[in-house]
Amino acid sequence: MSKKAARDPALPGVLVFGFEGPYGICKAHVEELQKHFTLITMKQFLENKTEFSQKIQAIYLWGGRPVIDRELLLSLPCLKIIGNSGAGLDHLDLPFIASCGVKVAHTPHAVSTPTADLGMALLLASARRVVEGCQLAVSPDTKHFSINWLGQEVSGATLGIIGMGTIGYKIAQRAKAFEMKILYHNRNRRRLEEEAAVGAAYCARLEDLLQHSDFVMLAASLTPQTQGLIGRRELQLMKRSAVLVNVGRGLLVDQNALVEALKNGVIKAAALDVTYPEPLPRDHPLLKLKNIIVTPHIGSATHQAKWQIMQDLVESILAALHGLPVPNEVLLK
């Protein structure tokens with residue numbers, strides 16, 4: 001990638017966090033992005049705001065970077081759109097962005113399938129103690145495999161899905177193939193034909209879902225209403241044999257209450273792709289427990305999904321810059 005290509009003045013300026021490090025945009029995507037945009041890194045912008053503030057017309061958010069705050073927004077007078085990779089929007093002040101006359105687009109469809117896959121992977125791994133079993137199998141101290149080292153079956157078990165949006169519904173489709181009984185709790189009830197297609201029963205009360213589920217899957221968005229949705233009271237309502245799986249957001253769960261529940265046998269196990277913060281401090285008590293699986297927020301981390309995210313963002317940004325309807329635009333309710 002040459003500096004000339006990155007600063008082609010004939011193309012609209014798009015702000016990215018950078019090209020290197022854990023928050024850099026995918027290197028495999030850079031060439032495709034440069035067909036459409038002049039890519040300006042956050043470092044370049046901060047070093048020369050006078051030059052770049054008038055050129056930046058869009059922000060390409062990758063993994064939540066660059067951080068969108070008021071200072072940044074007010075320093076970009078020509079900004080027309082923020083393209084957000086992924087479905088979650090809890091890191092964006094949508095009302096303030098809208099008040100600046102800036103559109104927001106996200107990529108919910110690109111991330112739904114791989115995130116649903118990972119949700120089922122975590123459920124299965126926890127039920128069958130896959131990580132623990134791998135550690136046992138490769139340990140230099142292992143002399144034999146106990147015939148009484150057991151997991152629990154998924155087929156025929158009850159899965160309670162909290163958050164039946166696109167991801168939650170795809171999880172239900174996968175769970176149906178495992179012959180699971182499906183309960184769900186959602187802000188809005190799905191259509192009857194959608195429920196029938198996956199064999200799902202609606203629980204208007206979260207308490208009913210928690211009390212009857214063998215596995216509880218969190219796939220809800222983070223909002224002020226859902227923050228801390230699963231706390232000490234909710235964990236106490238779950239079966240002692242239940243497993244909690246979270247592919248939504250870390251703040252959906254009171255992590256201190258979860259530590260207590262896992263230590264004291266209030267629930268059997270947990271599998272988390274999301275925590276708060278990410279990563280957890282290395283001395284966090286959750287990381288010391290044996291009855292938990294933690295993965296590094298990899299719900300949409302596949303080559304196919306990331307490429308589709310990039311293509312969706314390019315389409316949305318170009319539409320906004322040309323005054324056309326924006327695919328996957330986020331509209332304030």
Side-chain angles (χ1 to χ4, degrees), residues 1-107 222 249-251 276-279 281 296-297 300-301 306-307 309-322 326 328-330:
M1 161 192 49
S2 69
K3 290 186 178 180
K4 182 179 179 182
R7 300 189 185 187
D8 183 350
L11 297 173
V14 172
L15 182 66
V16 300
F17 183 75
F19 301 114
E20 306 292 340
Y23 300 112
I25 60 176
C26 282
K27 292 181 180 179
H29 299 175
V30 173
E31 184 177 352
E32 180 66 21
L33 289 168
Q34 288 177 338
K35 293 178 182 178
H36 307 282
F37 310 122
T38 297
L39 301 181
I40 300 165
T41 68
M42 196 67 187
K43 183 174 184 293
Q44 290 170 331
F45 170 68
L46 293 174
E47 289 175 348
N48 196 342
K49 288 188 177 182
T50 303
E51 177 186 355
F52 291 120
S53 62
Q54 299 291 328
K55 295 182 178 179
I56 293 171
Q57 299 183 56
I59 300 176
Y60 184 87
L61 265 184
W62 195 254
R65 298 296 195 284
V67 174
I68 307 297
D69 57 23
R70 294 187 173 218
E71 181 182 356
L72 178 60
L73 287 169
L74 294 175
S75 66
L76 299 173
C78 299
L79 185 67
K80 294 182 174 63
I81 184 169
I82 297 169
N84 177 68
S85 62
L89 298 162
D90 48 279
H91 55 295
L92 296 175
D93 185 343
L94 296 176
F96 182 74
I97 293 170
S99 74
C100 296
V102 176
K103 296 178 182 294
V104 174
H106 63 159
T107 62
L222 178 63
R249 283 292 186 268
L251 283 171
Y276 185 82
E278 293 175 352
H297 201 152
S300 62
K306 294 299 186 186
W307 185 262
I309 288 170
M310 180 271 293
Q311 290 185 315
D312 288 353
L313 290 179
V314 168
E315 183 182 8
S316 294
I317 291 171
L318 289 175
L321 299 187
H322 289 93
V326 176
N328 299 313
E329 182 178 357
V330 178

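F19 has its side chain out of reach of K27: every pair of non-hydrogen atoms, C-beta onward, lies at least 4.5 Å apart.
In this structure, I40 and G13 approach most closely via the heavy-atom pair CD1-CA, 4.1 Å. Residues V330 and H106 come closest through the heavy atom pair CG2-CD2, 3.5 Å. When all heavy atoms are compared, the tightest approach of E32 to H36 is O-CD2, 3.3 Å. Among all heavy-atom pairs drawn from G83 and L313, the shortest one is C-CD2, 3.5 Å. In plain terms, the two heavy atoms of P77 and Q54 that are nearest each other are CG-NE2, 3.6 Å.
In the displayed structure, Y276 atom OH is contacted under 6.0 Å by at most 12 heavy atoms of other residues, nucleotides or ligands. Summarising the local packing, NZ of K306 is surrounded by more than 12 heavy atoms from other residues, nucleotides or ligands at distances under 6.0 Å.
Here the NZ atom belonging to K55 is positioned 10.5 Å from the CD atom belonging to Q44, to the nearest 0.5 angstrom. Here the CG atom belonging to N84 is positioned 3.5 Å from the NE2 atom belonging to H91, to the nearest 0.5 angstrom. Distance CG/L15 to OG1/T41: 8.0 Å, rounded to 0.5 Å. The distance from the NZ atom of K35 to the CG atom of L11 is 12.5 Å, given to the nearest 0.5 Å. Here the CG atom belonging to D90 is positioned 4.5 Å from the CZ atom belonging to R249, to the nearest 0.5 angstrom. In this structure, the separation between CG on L33 and OG1 on T38 is 11.5 Å, given to the nearest 0.5 Å.
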Check: residues 56-68 side-chain donor-acceptor pairs under 3.5 Å, at least two apart:
from: Q57; atom 1: OE1; to: K80; atom 2: NZ; distance (Å): 3.4
from: R65; atom 1: NH2; to: Y23; atom 2: OH; distance (Å): 3.3

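A donor-acceptor pair under 3.5 Å is formed between the side chain of T107 and the backbone N or O of G86. At distances below 3.5 Å, not a single donor-acceptor pair connects side-chain atoms of N48 with backbone N or O atoms of F52. Formation of a donor-acceptor pair under 3.5 Å by the S75 side chain with backbone atoms of L72 is found in this model.
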For D93 and L73, what are the C-alpha separation, side-chain angles and deciding distance, and is it a side-chain contact (heavy atoms from CB on, under 4.5 Å)? CA-CA 11 Å; D93 185 343; L73 287 169; over 6 Å; no

Steps toward side-chain contact (heavy atoms from CB on, under 4.5 Å) verdict (L76, F45): CA-CA 10 Å; L76 299 173; F45 170 68; 3.7 Å; yes

